[in-house]
Every structure is written in structure tokens, then in C-alpha cells.
There are 2 protein chains.
Amino acid sequence: MNHLLADERYNIILALLQENEIVKLADLIEQLEASEATLRRDLASLEKKGLLKRVHGGASLPKRRGIEPGLHEKTNKFIAEKLKIAKKAAEYISDEDCIYLDAGTTVKELIPFLTGKNVTVLTNGLMHLPLLSEAGIRTMIIGGQVKTSTNAIVGSTAVSFIRQYRFDKCFLGMNAVHPELGYTTPDPDEALLKRAAIELSREAYVLADSSKLNDSAFAKVADMTEAVIITDANDESILRPFRKNSHTKVVTA
Amino acid sequence: MNHLLADERYNIILALLQENEIVKLADLIEQLEASEATLRRDLASLEKKGLLKRVHGGASLPKRRGIEPGLHEKTNKFIAEKLKIAKKAAEYISDEDCIYLDAGTTVKELIPFLTGKNVTVLTNGLMHLPLLSEAGIRTMIIGGQVKTSTNAIVGSTAVSFIRQYRFDKCFLGMNAVHPELGYTTPDPDEALLKRAAIELSREAYVLADSSKLNDSAFAKVADMTEAVIITDANDESILRPFRKNSHTKVVTA
DNA sequence: CAAAAATCAATCATTTTCAATCAAAAACAA
DNA sequence: TTGTTTTTGATTGAAAATGATTGATTTTTG
């Protein structure tokens, strides 16, 4: 087995990682018969995608939070998609930005990409705090009623709290995205907060995997034109309705 | 077998610890084939993360290990005392009360006693949220800056947030309690928030085990007369200075 | 209690690994 | 084919981790 393609090397590296939790660069050089420089680039590239974490002398599995058994089944299915979306969203974040992070699993994947960007974060998601703390990010949390089922802050207090601030960007999760009906979510309280975040941001981004597209829920958050939609869907038949309105901005991860 | 990566050594050390409760440095040198200096650094690093406790000649499991269920048993040395204090404090809480719970381990012990009392809670302690949720208590959290070292909300935003509310009672932890110097704490930001809570409450209670008595810290919170002190100390020689001022209310658990 | 042994923290030289650069090789398009 | 872009491999100085040495501190022993 002589020359391997880049993607083949990627797959082997990731497979070795799954087996051993950690791989040494020296071992990779031997097993894949590629140069040190190439494999070093491979590791850098895979780390950028969030698929592994580089350590001195090799790489290890990235720390995955949230081993709660209940949520495991739901979240795991779209984890790769969520990661792609989060990676894309991170490209829009600049140094020194003040950003709002909505509660939710997709937005959570965005946090590891914030390290080193020196951003300030305001969030209503209690589940984000451990990761934000670990990433060493200046964090503020919205005050208000704790909704225990989703570990998020909601309610009128939360809305008036958030109105004290202005953001460079906001990143929102969303339950349903529809070309004509716009962004919607089941809980009216959450909808109010999301709407406020959009209004207070210079740029608003909605992160939604393809299962949320062309669906609608009870409470309206905003029209399609009020926020950029970032999704993993690349099927043109799904995306075409969204492109009809030229003011709707669609980004594919 | 080649040299081990740092993370691999960490994992092996921790695994050995799980098996034997204690590991000798000399054994690690032999098993991991690394130098004394390296392993010494490893132990220092792991101790910094709180994953083990260094002892002369090796390392042992940290006292607070066993991460899952009973948070009640593993906080500090004074659990029994804290529990007695919390139980006493709970006697002052009535049905339908609106109460403020300060961050801190002693106040945390109070939460299980709230079940069934139909109270509304405002808190700045992120560490309280799981227990409050479990107890099914209507909970609001203060908005503001997250202080990661103590898992609490602090800062000027927090103070102005709390001023929107009024409480029937507030329950505060305290680092130091002194008969003449009053209630003090090391962090001025925390002091401001505690002081605000006292002002906004019809009745204020400070929960402090005997190790905090007759001590003082940097930032003043309030005079002794402004809050009831609940403590486990029953040594009259300790308590007498506090009783000198007849306006100071002392409760022994 | 004092001496001896063991362990510790701090420092420095050595080795290993890293990131950046550039030239050669391969893949690709016109 | 020719020219261009992408990928790869080698080289470099910088950065990080390691191992040995030192003297200070702690524990054990007599």
C-alpha cells in the first residue's frame, strides 16, 4: 500500500483514535508511511474540524461533554452535522466581538471554536457554562426564570435583561425554519427572547440542521430575512425555496 | 515500546490510583519508565486539576472523589455542622416565601429542606441549580458576570439586577464573622451583592460554621445587628462576645 | 534528640517536538 | 503538450518536554 489519499489518511487516523483514545505522531509516520510534515498538517486540519485534539507528540480524542444518558439518543444522531454547522458559524466571529449564544445543543458545539478569539459572551444557556469556563471566555449569564426542562433562562425578566446589551453577532438554535413562515419555535417565551437577541445584534445567525428545514412551530421568532441561516443541507431541492427571496441569506456548511 | 505521551501517563497514573487508592512515586518510575522529575511534574499537574492529592512519596485519591450521586457528603470537613445549620435555618422559612439564596456550600445544604414549602427562590449560585431543579422549586437566577472559580454570579450588573426584587428572607454564606467588625468576605464584589440582599430582605440570615467565627476578611458586608447569625458553635466562650450587643441575634443549631 | 535516609523543589543542559518556509513532486486544466 | 495549482517532503530555528543535578526539606532511624 503505497501512496494514500489525504482522506484515506484522515480516516485511518480517526479510526486509530477511536481504538486507542490517543495516537503518537511517531506511530503515524511508521504506519502510514508519510512524512512528518504531512501528518502534522493532517492533524492540524482534523483539529480545525473539531474531530480531534492535538497534544504534544500526537493527538487525542476531543473532550465531549454531556454524557447524560437521556439526551444521548437525540443529540448523537446529528452530531456530525451540528459540528459542521458550528465550524462554519465560527468563521463569522472576529476578535474582540461581543456575542450572544442561545441555549441548545447546536450552539454548544460552537464554543470550542471560540478559544483564543478573546470574545465576550452573553448566554441564556446554563448548559454552556462549563465549556465556556474551560475555554477561558469572559461570560455573562442572563437573569430570569430557570426553565428546568431545557436548562435555559426564559421569561419576561430575561427579555428586559437582555435589552440592556448590544451584540456584534448572535447565534441562535431554532426548532423550525420555513421559507414563508420564517423562524418558529414551540415555546412563546423562548421566541420572545430569541427575537430580542436578533433585534439587539448587528448580525444574526440561526444554526439549524437539515431536519429543521421546511417545518414550522407555534410561536414566530422572525422572518427569514432577519437572520442568516447556517445549515448542513446541500440538497438543492430543499434549499431552492429559501433562495427565492433574494433577501434571505443561506449559508451551507 | 516507545516513550509514553504525557496524557497517556496521566491516564495510567489515575487508573493506578483508582485501583490502589495510593501510588508510590518509586513504583511509577519503574512502571512508566520515566524519570523522577517528569513524574513529579505529572503529579503536580494532576493535583492542580484536582484529580489527585500529593502526599509525601507519592499521591492518593483526593478526598472529594466519586462524582455521581451524593453531593451532600463530599464538600468539606464540616458537612455535619453545615447540615445542622441548614436544618435550623429551614425552620424560619414559611409557605409561599420569596427567598434569596447566596452561593456557597453551607447554603446549598438548605435546599433539600425547601421541598414542599412552595417557595420562590432567587439565587446567584450556579451550583444550586441542579438541586433546586430536583426539588421542583420555582427558581430565578441573577444575571451578570460568571465568576468561574466559585461558580457564582457577581459584579455590578448582578447588584442592579437583584435590586429589582424584594425578599421575605435571605440566607447568606460568609467567610468571616467578628463581634465588632461584623460580617466580612474577601471579594469586594461579593460583599456588595450580599449587602444588597440584606437590604432587600425583611429578615436576613447568615449561615456560618464555628470555624468562621471571630475572624475577619477584607470587604465588609454588614454589621452584626443587620442579620441573624445561625451557627453550630455551642461553646459559650466563643459566643459570649457576640451576645454583648443585645441587638445581635445569635441562633445555635 | 540528632544523624541518616528519603523525598522534595528548583535549575539547567539535552532531547524531542513544533511551526514556518521553500523546493520538488504530483495532480489538474487549458 | 505547457502552465498552474495542490500536495508532499525536507530544512530551519523556536518552543516544549524531559532527565540529571543541586541543595533544601521532611521522614525515619538509632
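Chain letters run A, B, ... following the sequence lines, proteins first and then strands; every chain starts at 1. Hydrogens, waters and symmetry mates are skipped; everything else that's a heavy atom, side chains included, is used.
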Before giving the answer on side-chain contact (heavy atoms from CB on, under 4.5 Å), spell out for I229(A) and M224(A) the whole-Å C-alpha distance, their side-chain angles and the decisive distance to 0.1 Å.
CA-CA 8 Å; I229(A) 168 80; M224(A) 286 303 304; 4.1 Å; yes

Salt bridge (Lys or Arg N to Asp or Glu O under 4.0 Å) against R41(A), all qualifying residues, sequence neighbours excluded:
none

Check whether any side-chain heavy atom of I162(A) lies under 4.5 Å from a side-chain heavy atom of N124(A), and answer yes or no.
no

N/O donor-acceptor pair under 3.5 Å between R202(A) side chain and D168(A) backbone
no

I'd like a list of close polar pairs between nucleotides 28-30 of chain D and the protein, N/O only, cut-off under 3.5 Å.
none

Rounded off to whole Å, could you give me the CG-to-C1' distance for the D7(A) and dT6(D) pair?
14 Å

OP1 or OP2 of dT7(D) versus the side-chain N and O atoms of R9(A): is any pair under 4.0 Å?
no

What nitrogen or oxygen pairs link the protein and nucleotides 12-17 of chain C at under 3.5 Å?
| residue | atom | partner | partner atom | Å |
| --- | --- | --- | --- | --- |
| dT17(C) | O3' | G57(A) | N | 3.2 |

Please work out whether the ring planes of F171(A) and Y205(A) are parallel, tilted or perpendicular, with thresholds of 30° and 60°.
parallel

Is there a donor-acceptor pair closer than 3.5 Å between any side-chain N or O of T123(B) and the backbone N or O of L101(B)?
yes

Distance check needed: dT18(D) C1' versus E33(B) CD, whole Å only.
15 Å

Mind calculating the distance between NZ (K24(A)) and C1' (dA17(D)) to the nearest angstrom?
15 Å

Would you say the side chain of V206(B) lies within less than 4.5 Å of the side chain of Y183(B), judging by non-hydrogen atoms?
yes

Paired with K194(B), the salt bridge (charged side-chain N to carboxylate O under 4.0 Å, His left out) test is passed by just one of D189(B), D102(B), D187(B), namely D102(B)

Given atom CG of L39(B) and atom P of dA17(D), what is their separation to the nearest angstrom?
15 Å

Given dA19(C), dG9(D), dG19(D), which nucleotide is nearest the side-chain atoms of T38(B)?
dG19(D)

Quick check on DNA chain C: between A37(B) and R54(A), whose nearest nucleotide comes earlier from the 5' end?
A37(B)

